[in-house]
Amino acid sequence: MGFMNSYKRLDNLCRDMNGVGVTGYIDDMKNEPKGSFCVLGWQADFNQLRKYRHIRNRIAHENDVDEAQVCSDRDIAWLENFYQRIIKQTDPLALCYKATRPPLTERRIQRPNEQKNPVAETRTDTGKNTGTDSGAESIIACMFVVLAIVIVFILCYR
């Protein structure tokens with residue numbers, strides 16, 4: 001029962017992470033559009049997980065299917081290795097997350113004892129912020145840059 005024990009162990013770990021199990025991990029990989037672009041071996045891991053889920057389903061649900069007929073020690077070793085990769089956060093989803101999200105030091109984290117900016121939180125009757133809006137400032141800055149490029153272009157080609 002080496003394969004089933006290894007699979008159940010991995011499934012329980014995935015369930016702790018996503019509430020579903022290996023199927024949830026596979027679905028998370030399927031729904032990550034940047035995965036295969038930012039993680040080497042993404043598709044191979046995805047295919048292996050689907051293969052092992054299928055083997056597990058055959059063992060659990062089909063009559064007269066024996067573990068020894070459908071899997072080998074290499075399959076068990078792969079499951080155990082993947083389990084360790086999740087623990088060490090070197091699995092595909094963890095690597096993709098690290099590659100596509102900025103490091104924690106670059107993200108603005110508001111601590112519980114920090115006061116929010118009361119000006120930014122004040123709203124008018126229309127529901128718009130009365131404080132500074134970084135999104136609006138970014139749009140204005142982009143428009144200024146585009147306008148400057150157009151003016152330079154016009155002056156160069158007169």
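The figures here come from the full heavy-atom set of this structure, side chains too, leaving out hydrogens, waters and symmetry mates.
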* To do: Provide the closest heavy-atom pair for Asp64 versus Gln69 in the form atom of the first, atom of the second, distance.
  => O-OE1, 3.5 Å
* Name all residues meeting the side chain to side chain donor-acceptor pair (under 3.5 Å) criterion together with Glu62; count only those two or more places apart in sequence or in a different chain, and write none if there are none. => Arg58
* Asked: What side chain to side chain donor-acceptor pair (under 3.5 Å) pairs are there with at least one residue in residues 25-42, not counting sequence neighbours?
  -> Tyr25-Asp91
* Structure fact -> Closest non-hydrogen contact found for Lys98 with Gln89 is NZ-O, 2.9 Å
* To do: If a pair satisfies salt bridge (charged side-chain N to carboxylate O under 4.0 Å, His left out) and one of its residues is in residues 12-24, list it, with sequence neighbours excluded.
  => Asp11-Arg15
* Of all heavy-atom pairs between Gly35 and Cys96, which one has the smallest distance, and what is that distance? -> CA-SG, 3.9 Å
* Residue list, side chain to side chain donor-acceptor pair (under 3.5 Å) with Asn47, at least two apart or on another chain -> Gln43
* Asked: Is there a donor-acceptor pair closer than 3.5 Å between any side-chain N or O of Glu67 and the backbone N or O of Ile59?
  -> no
* **ILVMFWY cluster, Phe37 and Leu95 together (side-chain gap under 4.5 Å)** => no
* To do: Evaluate the side-chain proximity of Pro92 to Arg85: yes if any heavy-atom separation is below 4.5 Å, no if none is.
  => yes
* Asked: Going by heavy atoms in the side chains, are Leu93 and Val39 under 4.5 Å from each other?
  -> no
Please tabulate, for side-chain N and O atoms in residues 71-82, each donor-acceptor pair with protein atoms closer than 3.5 Å (sequence neighbours left out).
from  : atom 1 : to    : atom 2 : distance (Å)
Ser72 : OG     : Arg74 : N      : 3.2
Asp75 : OD1    : Tyr52 : OH     : 2.7
Asp75 : OD2    : Ser72 : N      : 2.8
Glu80 : OE1    : Arg9  : NH1    : 2.4
Glu80 : OE2    : Ser6  : OG     : 2.6

* **Counterpart residues, side chain to side chain contact (heavy atoms under 4.5 Å, CB included), relative to Arg50 (two or more places apart)** => Ile26, Phe46, Arg53
* Asked: Would a hydrophobic clustering, with Ile, Leu, Val, Met, Phe, Trp and Tyr connected at side-chain separations under 4.5 Å, put Leu40 with Tyr97?
  -> no
* Asked: Given side chains that start at C-beta, do those of Leu10 and Leu49 come closer than 4.5 Å, heavy atoms only?
  -> yes
* Structure fact -> Taken in chain and number order and not counting sequence neighbours, the residues that satisfy side chain to side chain contact (heavy atoms under 4.5 Å, CB included) with Val20 are Asn18, Thr23
